[in-house]
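Data block below; observations after.
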Amino acid sequence: MPSAPRVRFAPSPTGYLHIGGARTALMNFLQARRHGGTFILRMEDTDRVRSTTESVQAILDGLNWLGIDWDEGPGKEGPHAPYFQTQRLDTYKKHADQLIAEGKAYRCYCTRADLDAQREATEKSGGFFKYPGTCRELKAPPPGRREDEAVIRFKMPSGDGTASFVDKALGAISKPYSDLDDWVMLRADGIPLYNFGCVIDDHLMDITLVARGQEHVNSTFPQLMLYQALGWTPPEFAHLPLILGPDREKLSKRKHPEADVMLHKRTGIMPEALNNFVIRLGWSHGNDEVITRDQMFEWFDFADVGTTSGVWNPEKLLWLNQQWMKLLPETTVAERLVPFLEAKGFSVQGDSRLVPLVRALRERARTLEEMATTASLYFRKGVTLDEKAAAKHLSGDSLGLLRKVRDGIAALPEWTVEALDGVVKSVSESSAVGMGKVAQPVRVAITGNTTSPGIGETLLLAGRDEALSRIDAALTRGG
RNA sequence: GUCCCCGUCGUCUAGAGGCCCAGGACGCUGGCCUUUCAAGCCGGUAACACGGGUUCGAAUCCCGUCGGGGACACCA
């Protein structure tokens with residue numbers, strides 16, 4: 001490979017950023033960074049009915065959230081602008097005209113209705129439809145038809161050759177010409193189809209390596225034919241394994257909600273974790289699991305990409321997310337937690353308990369959303385006691401112990417985890433009972449339940465006033 | 001249906017002929033730690049799809065079978 005690769009991600013803006021697309025983008029981005037190359041973002045917005053500007057924005061937002069930065073593309077006009085295919089129409093026309101002039105493409109006047117009928121008939125009889133070349137040798141429009149109504153088709157080379165290429169991920173792949181047909185390059189309105197726009201742009205943008213999902217391996221063959229017809233050297237290709245849903249079918253927007261990158265943001269997954277998870281689907285570096293961005297830059301190479309499709313594993317994503325919550329600075333996690341708490345109606349901006357909260361809860365939550373849910377307990381006024389827990393821990397001798405703890409902590413000049421724990425410990429010792437016997441009633445009084453961080457932390461998190469008031473309420477209730 | 005690609009624990013994977021009666025991770029599970037719950041630590045569970053070759057030797061190479069996925073548009 002040339003020393004400075006130029007790679008690209010070319011999504012079609014017909015919806016949100018898909019998880020598979022995000023991984024393709026990530027890998028291309030990493031490849032560029034690792035080898036000092038350039039990463040280009042190009043919008044293949046040639047599907048007139050489905051492409052929307054909202055989708056363009058959604059894709060940009062998704063990439064930004066994941067920290068995947070492009071060097072050339074929307075908002076970063078470079079030497080190969082524009083980066084929207086619908087703004088490059090005259091370029092496509094020029095090349096199409098050239099191909100027609102050279103006899104390598106031709107105008108086709110067949111109507112869609114005719115073609116559809118033929119296709120249906122062929123398929124009904126069990127075959128697979130190939131364009132029969134009806135208009136291949138036409139010199140002029142049929143009677144009553146005009147040139148500007150025609151689509152332009154690529155003329156496949158005749159004979160029994162074989163198209164082949166060496167894929168960086170899959171190895172040698174080939175397909176006989178006889179399996180290919182004369183495909184449409186340009187619609188009558190001048191808007192290109194995928195195989196045409198893609199090749200023209202990849203070449204003009206000096207792309208050296210095309211890395212895309214495996215669903216594109218078959219379209220590589222007609223594209224190769226086009227490079228040949230144009231006299232251009234094709235780039236290298238790397239076809240990445242697919243990401244499958246739990247049903248083992250290709251992750252799709254329609255059937256799999258987890259295909260939406262931003263859904264994960266909303267459920268409290270962090271970008272570090274999502275990138276980490278997704279890069280490990282189809283690629284690995286020895287036994288490494290938690291991988292930082294810098295390590296990705298250092299290690300990633302398309303040569304190490306696998307060949308087998310991977311199934312989406314939500315459990316592992318969750319595990320990775322927790323690993324990342326423990327790895328990232330507490331303050332960073334705290335900042336990210338704020339919106340989730342605000343969504344629950346708590347204004348916590350600047351609250352001094354945020355960082356201690358993260359410290360206590362990140363070992364007990366796998367997502368920011370989960371952490372926020374648990375954290376709500378400490379921002380609310382009062383608490384609802386779980387009946388079973390209260391019956392067990394807020395009765396009899398326990399209440400006496402709880403009272404002693406209350407008196408001890410109320411007398412504390414300053415609330416710190418150490419001081420608070422110290423009170424519980426001394427009550428346990430002076431009363432000659434185990435720590436659990438003392439801590440559990442306090443825990444139930446504060447959280448309403450039997451599980452929480454360490455008892456000192458729990459008290460601190462609740463805050464002096466709220467903690468005392470909850471204990472009083474428990475004492476009152478218990479008689 | 002045709003073509004293309006793929007096939008190691010339930011899942012993600014290591015493995016590029018002997019280091020593998022197959023290693024790691026998630027999950028599940030036993031234990032330790034412990035004021036609860038986690039986290040952490042230690043241990044367990046579980047796989048080379050099948051059949052033929054090639055070779056002194058195959059998870060690794062070849063062929064076949066079976067299985068899975070993908071592509072077959074004036075979508076990308």
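In what follows, every chain begins at residue 1, and chains take the letters A, B, ... in the order their sequences are listed.
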Side-chain donor/acceptor of Arg280(A) to base of U13(B), under 3.5 Å: no
Which of these nucleotides, U36(B), C74(B), G24(B), is closest to any side-chain atom of Arg119(A)? C74(B)
Provide the distance between the two C1' atoms, one in C28(B) and one in G17(B), to the nearest whole Å. 35 Å
Which residues share a salt bridge (Lys or Arg N to Asp or Glu O under 4.0 Å) with Asp167(A), sequence neighbours left out: none
Nearest to side-chain heavy atoms of Arg112(A), which nucleotide of U35(B), C74(B), G70(B): C74(B)
Asp97(A) atom CG: more than 12 heavy-atom contacts under 6.0 Å: yes
Which nucleotide sits closest to the side chain of Leu281(A): C12(B), U35(B), G70(B)? C12(B)
Heavy atoms of Ile291(A) and Trp283(A) approach each other most closely as CD1-CZ3, 3.8 Å
Same-atom distance (P) from C62(B) to C21(B), integer angstrom: 23 Å
Please list, for nucleotides 28-34 of chain B, all pairs of protein and nucleotide N/O atoms separated by less than 3.5 Å.
none

Lys316(A) NZ/CZ over Phe277(A) ring centroid, <6.0 Å and within 45° of normal: no
Applying a 4.0 Å non-hydrogen cut-off, can you work out what Pro241(A) is touching in the nucleic acid: base, sugar-phosphate, or nothing? nothing
Select one nucleotide: of C37(B), C12(B), A76(B), the one nearest the side-chain heavy atoms of Val311(A). C12(B)
Taking the same atom, C1', in G68(B) and in G31(B), what whole-Å distance lies between them? 40 Å
Minimum-distance nucleotide to Leu242(A) side chain [options: C37(B), U35(B), G70(B)]: G70(B)
The criterion is salt bridge (Lys or Arg N to Asp or Glu O under 4.0 Å); which residues satisfy it with Glu272(A), sequence neighbours excluded? Arg336(A)
Which nucleotide in A71(B), A73(B), A14(B) has an atom nearest any side-chain atom of Glu123(A): A73(B)
Give a yes/no answer on whether the side chain of Thr46(A) brings an N or O atom under 4.0 Å of OP1 or OP2 in A76(B). yes
Sticking with atom P, work out how far U60(B) lies from G51(B), rounded to a whole angstrom. 13 Å
For RNA chain B, the residues among residues 86-95 of chain A that have a non-hydrogen atom under 4.0 Å from it: none
Among U36(B), G24(B), A76(B), which nucleotide has an atom closest to any side-chain atom of Glu289(A)? G24(B)
Report each atom pair, protein N/O against N/O of nucleotides 40-43 of chain B, whose distance is under 3.5 angstrom.
| unit_1 | atom_1 | unit_2 | atom_2 | d |
| --- | --- | --- | --- | --- |
| G40(B) | OP1 | Lys326(A) | NZ | 3.3 |

Taking every non-hydrogen atom, the tightest pair across Leu402(A) and Ala474(A): CD2-CB, 4.2 Å
Residues in side chain to side chain donor-acceptor pair (under 3.5 Å) contact with Glu147(A), at least two apart in sequence or another chain: none
If we call it a pair only when both distances are under 3.5 Å in a Watson-Crick or G-U wobble match, what pairs with A25(B)? U11(B)
Closest approach to the side chain of Ser12(A), judged atom by atom: which nucleotide of A76(B), G69(B), C74(B) is it? A76(B)
Is the NZ or CZ atom of Arg153(A) positioned over Tyr131(A)'s six-membered ring, under 6.0 angstrom from the centre and within 45° of the axis? yes
Please name the nucleotide paired to U35(B) by Watson-Crick or G-U wobble geometry with both distances under 3.5 Å, or report none. none
Could you tell me which nucleotide pairs with G64(B) by Watson-Crick or G-U wobble geometry, both distances under 3.5 Å, or answer none if nothing does? C50(B)
Gap in Å between the two C1' atoms, one belonging to C41(B) and one to A49(B), rounded: 37 Å
Whole-Å C1' distance, A76(B) and G57(B): 49 Å
With rounding to whole Å, what would you report as the distance between U45(B) and A25(B) at their P atoms? 14 Å
Side-chain polar contacts of residues 324-334 of chain A - donor-acceptor pairs under 3.5 angstrom, sequence neighbours left out - could you list them?
| unit_1 | atom_1 | unit_2 | atom_2 | d |
| --- | --- | --- | --- | --- |
| Trp324(A) | NE1 | Asn276(A) | OD1 | 3.0 |
| Glu330(A) | OE1 | Arg359(A) | NE | 3.4 |
| Glu330(A) | OE1 | Arg359(A) | NH2 | 3.2 |
| Glu330(A) | OE2 | Arg359(A) | NE | 3.0 |

Residue set satisfying salt bridge (Lys or Arg N to Asp or Glu O under 4.0 Å) with Asp260(A), at least two apart, ordered chain then number -> Arg266(A)
Just call it for His239(A): base, sugar-phosphate, or nothing, with non-hydrogen atoms closer than 4.0 Å on any strand. nothing
Nearest heavy-atom approach of Tyr83(A) to Leu41(A) is CB-O, 3.6 Å
Would you indicate what Gly454(A) reaches in the nucleic acid, counting non-hydrogen atoms under 4.0 angstrom: base, sugar-phosphate, or nothing? base
If the condition is salt bridge (Lys or Arg N to Asp or Glu O under 4.0 Å), which residues does Arg136(A) pass it with, not counting sequence neighbours? Asp182(A)
Applied to residues 443-456 of chain A, the side chain to side chain donor-acceptor pair (under 3.5 Å) test, sequence neighbours excluded, yields Gln440(A)-Arg443(A), Arg443(A)-Ser452(A), Ser452(A)-Thr458(A)
In whole Å, measure the gap between the P atoms of A59(B) and G18(B) for me. 10 Å
Name the pairing partner of G18(B), where a pair is Watson-Crick or G-U wobble with both distances under 3.5 Å, or state none. C56(B)
Are there any protein N/O atoms within less than 3.5 Å of an N/O atom in nucleotides 1-8 of chain B, and if so, which ones and at what distance?
| unit_1 | atom_1 | unit_2 | atom_2 | d |
| --- | --- | --- | --- | --- |
| G1(B) | O2' | Gly126(A) | O | 3.1 |
| C3(B) | O2' | Lys175(A) | NZ | 2.3 |
| C6(B) | O3' | Thr307(A) | OG1 | 3.2 |

Describe the nucleic acid contact of Ile455(A) in one word from base, sugar-phosphate, nothing, applying a heavy-atom distance below 4.0 Å. base
Verify the neighbour count for atom CZ of Arg48(A): are there more than 12 heavy atoms of other residues, nucleotides or ligands below 6.0 Å? yes
Just to confirm, is there a sub-4.0 Å distance from OP1 or OP2 of U11(B) to any side-chain nitrogen or oxygen of Arg248(A)? yes
May I ask which nucleotide in the shown strands pairs with A71(B), Watson-Crick or G-U wobble, both distances under 3.5 Å? U2(B)
Which heavy atom of Thr14(A) sits nearest a heavy atom of Ser55(A), and at what distance? C-OG, 3.6 Å
Choosing from C74(B), A71(B), U36(B), which nucleotide comes nearest the side chain of Val184(A)? C74(B)
Relative to the 5' end of RNA chain B, which residue comes earlier, Asn313(A) or Gly436(A), by the nucleotide with the nearest heavy atom? Asn313(A)
Please tabulate, for side-chain N and O atoms in residues 212-224 of chain A, each donor-acceptor pair with protein atoms closer than 3.5 Å (sequence neighbours left out).
| unit_1 | atom_1 | unit_2 | atom_2 | d |
| --- | --- | --- | --- | --- |
| Arg212(A) | NH1 | Thr220(A) | OG1 | 3.2 |
| Arg212(A) | NH1 | His239(A) | NE2 | 3.3 |
| Arg212(A) | NH2 | Tyr194(A) | OH | 3.1 |
| Arg212(A) | NH2 | Gln223(A) | OE1 | 3.1 |
| Gln214(A) | NE2 | Thr307(A) | O | 3.3 |
| His216(A) | ND1 | Tyr194(A) | OH | 3.2 |
| Asn218(A) | OD1 | Lys175(A) | NZ | 3.1 |
| Ser219(A) | OG | His216(A) | O | 2.9 |
| Thr220(A) | OG1 | His216(A) | O | 3.1 |
| Thr220(A) | OG1 | Val217(A) | O | 3.1 |
| Thr220(A) | OG1 | His239(A) | NE2 | 3.2 |
| Gln223(A) | OE1 | Asn195(A) | ND2 | 2.8 |

